[in-house]
Structures are given as structure tokens and as C-alpha cells.
Amino acid sequence: MIEQTTEKVELLSLSKDELEVLVASLGEPKYRAKQLFSQLHAGTSPEEMTNIGKATRAKLEGASYYSLPIIKRKLVSAIDGTVKYLFELRDGNCVESVVMNYHHGLTICISSQVGCRMGCAFCASTLGGRVRDLTPGELLGQVIAASKDMGVRISNIVMMGIGEPLDNYDNVVKFLQLVNDPEGICIGTRHISLSTCGLADKIDRLAKENMQITLSVSLHAADDETRSSIMPVNRKFNTDALLSACRRYYESTGRRISFEYTLINKKNDSDEDAKRLADLLNGKLRSRTSGMPIHVNLIPVNAVKETGCMPPPRDRVKRFSQILEKYGIRATVRRTLGQDINASCGQLRRESAKNEDK
Ligand code: SAH
């Protein structure tokens, strides 16, 4: 099914410099690259570019491709207007993106891989393993396709959809540079957060990139035994290694880190778990940095049929959060948007794959 176009370069994955090289190789003047970059990132395909001559367009189409994800399904929440897309990529694989309306503007949650190989026990995205990484252009394509479809400017990005962004490191960093470009979509890195299950070595690498993004760390347990039982990554980078990387990240970037804690009934939601979490964060971070702000997002787990994980009763969530506050840790119970459209990641893609298997 895949035509010879596989060797063609993907226009949306190219930096301006790389685009210049391509344009020059086609015998076109360099200034075209800038013009092209802006138009491509605004969602215009080369064939729609009437300001470029037919012959040039034909040369471009011979050497490259431009492909935005196709909307395979779109669900709009009747409760809060959250929009969830099931996007089909050029090779037929699907990923999900969600657009949420927060008070500070429209935020898109994008996927970083087709599937995931991290194996977290409660997560739908990892059930079928990792199929492949997304290219920088496919990461960008989700933002462009959603803005184009909704006719809006999206001002914030969270990398919290399907996949582990730091397991697709190079493409993610290139995407961050592309999306930040003033001649492109121009979303400030301060308006971008990246969520990781805790690849400590990559957190150290990211600290050196000198970007102002916000890091979210999925902690989900404060002791190694529990954490390893729900997050296999903990066997490679335990809580000590992870929090040490977090401390270094804060020390070198000055950016606060937020911690995600998914509450699972009878697994990690007891009073002792809350106390352990507060002790861990206070001991490993607060006492060793000069006043690092620490914030915990508590997320009652979304029940995914295959995982058997259930959310705790509501009063347990409240109590957990009160214990954290008592020990000086700011905690928010995550507002769940788009509950009526299965907006948590990975569920729509799985549903669609299952239907196609039938
Ligand atoms: N791989 C990255 C980003 C994707 S998951 C990470 O692990 O952070 C985004 C967040 O959703 C993570 O905190 C993840 O643990 C959480 N999550 C996954 N499945 C969930 C579920 N069923 N209910 C609640 N949160 C879930």
C-alpha cells in the first residue's frame, strides 16, 4: 500500500535550514524556504500554494511529501466542549489528541508514539506495546490539524497522550524547536509541558537542552516496591534515581516540576502512602534545593477494563490530598475534562483497533 513515496522527505519534519538545503537542491532561491516553512506550518499543502509556480511545486512534490493526520473520529464533550480526535497517520496507524479549554487558553494534549512500551499497569496506551515513534512532523501535524479543524489558535501543548515522549527523544526535541519557531506555530516553550514516566537519563539530557518547558513526572507511588509493581520503568530508574534527576533538572533550569499521582483503589491510596509521598518529596527535593516549589496532581485512575484498576472512593482522594497539604505539599485533584467522551489517552485508539479486527 505504501507507494515509492517512502523515500521522499517529510516536509513538516524539516527545520528551516534543512528546508533551505532541499529548496536549493531543486534549484530554487533560498528565500523560498522561509516562505514555505510558514505556509506548511499554517496548514497549507504545497499544491495549495498559489504563490509558488507550478514547476517548482511539481519539483517539490517529486522530492517530498506533506501529510497532516486525517480525522478518523472526532468526539465533542457535551459537558465542557473538550474535543477528542482519533487521527489516522499516513501509514494507517492511529493516535489520539485532545483539545481542552482551560482558563489560560486552548490546550492540546498530543501523542508521542503509536502505542507505548513502558508497560504501566493502569494505562490503556501500553496494552498493545509500542508500534513506532512519531516523527517531528507527525507531532506537529496533530497541532496543525486540530487548529485547522477547529478554526482556532492553540496556545498550549501538553505531551501527555499516547506514548512516552522521552522514549522518542530526538524527534520530540526537534518538534519542540519547530513548534516554538516564530515563523511557524510559535508556541512559547513555557506554554509546553512534557510528561514522563521517569526516564532519569533522558531528564538529565533534557535539562541540558536549555528549554523552558515544564516537566511533569508520573510518580504514582512513593516506595520502590509499589512503584515497580505498577511501573516497570522503576526497575531501571528507581525513585531515588528519578528524584535525583528531578533535583538536577530544577537546579539547572529553575523550572518547577509537577508530579502526577494516579490514585488506584487499595494500591497506592492509603494514609501511609500519602505520608510516604510527602516524606519522599520533602526529603529528596525540598530539603536539598533552595525552596523548590513542589506540586502534586492527584488523578483518580480512569478505569480501563483490561487493567482491573479502580479509582478510590471520593473521600479517600480528599483525605490523601489533605495529608499531603498537612506536610506542606501542594496538591490538586485533577479536574477531569471530557468524561463523557472517554478523553483519557489510549482508549479510543484501542477501541478502533478492536473494531477493525472483528
Ligand atoms: N508516558 C508519559 C505520558 C503519557 S501518560 C507518562 O507516563 O507520563 C500521561 C499521564 O496519564 C501519566 O501520568 C499516566 O500515568 C496517566 N495515566 C495513564 N493511564 C491512566 C489512567 N487509566 N487513569 C489515570 N491516569 C492515567
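Numbering of ligands and ligand atoms starts at 1, following listing order. Note that the structure is predicted; figures quoted are calculated from it, not measured.
- Using bins of under 30°, 30° to 60° and over 60° for the plane-to-plane angle, the ring pair Tyr261/Phe320 lands in the tilted bin.
- Remark: ligand 1 atoms within the under-4.0 Å shell around heavy atoms of Cys123 are 18 (C), 19 (N).
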Starting from the C-alpha separation in whole Å, work towards a yes-or-no answer on side-chain contact (heavy atoms from CB on, under 4.5 Å) for Asn302 and Thr262. CA-CA 9 Å; Asn302 260 298; Thr262 293; over 6 Å; no

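- Shown here is Lys30, whose NZ atom has no more than 12 heavy atoms of other residues, nucleotides or ligands within 6.0 Å.
- Here is the list of ligand 1 atoms found below 4.0 Å of a heavy atom in Gly163: 1 (N), 2 (C), 3 (C), 4 (C).
- When heavy-atom distances to ligand 1 are checked against a 4.0 Å cut-off, Thr262 comes that close only through its side chain, counted from C-beta outward.
- Using a 4.0 Å cutoff on heavy atoms, Cys116 does not count as a contact of ligand 1.
- The shortest side-chain heavy-atom distance between Val158 and Thr107 falls under the 4.5 Å cut-off.
- Annotation: Glu260 places no N or O atom under 3.5 Å from an N or O atom of ligand 1; distance criterion only.
- Side-chain contact between Ser252 and Lys208: absent, with no pair of heavy atoms (C-beta onward) separated by less than 4.5 Å.
- Residue-ligand proximity: Gly161 is placed with a non-hydrogen atom under 4.0 Å from ligand 1.
- Each of the atoms 21 (C), 22 (N), 23 (N), 24 (C) of ligand 1 lies under 4.0 Å from some heavy atom of Val301.
- Residue contacts with ligand 1, taken as heavy atom pairs separated by less than 4.0 Å, involve Thr196 solely via the backbone atoms N, CA, C and O.
- Between Met160 and ligand 1, no pair of N/O atoms sits closer than 3.5 Å.
- Side-chain contact, Glu88 with Asn93: no donor N or O sits under 3.5 Å from an acceptor N or O.
- Taking every heavy atom of Cys197 and a limit of under 4.0 angstrom, the matching atoms of ligand 1 come to 6 (C), 7 (O), 8 (O).
- Which of Cys120, Ser218, Ser216 comes nearest to atom 12 (C) of ligand 1 through a heavy atom is settled by distance: it is Ser218.
- Only the side chain of His220 comes within 4.0 Å of ligand 1, counting heavy atoms alone; its backbone N, CA, C and O stay farther away.
- Remark: the Ser216 side chain and the Ser193 side chain contain no N/O donor-acceptor pair separated by less than 3.5 Å.
- Residue-level proximity to ligand 1 for Asn302 is carried by backbone and side chain together, each with a heavy atom below 4.0 angstrom.
- Both the sub-6.0 Å distance and the 45° axial angle are satisfied by Arg205 relative to the ring of Tyr169.
- For Thr239 and Arg227, the side-chain atoms include no donor-acceptor pair closer than 3.5 Å.
- Per-residue contacts place Val304 under 4.0 angstrom from the following atoms of ligand 1 (heavy atoms of the residue considered): 22 (N).
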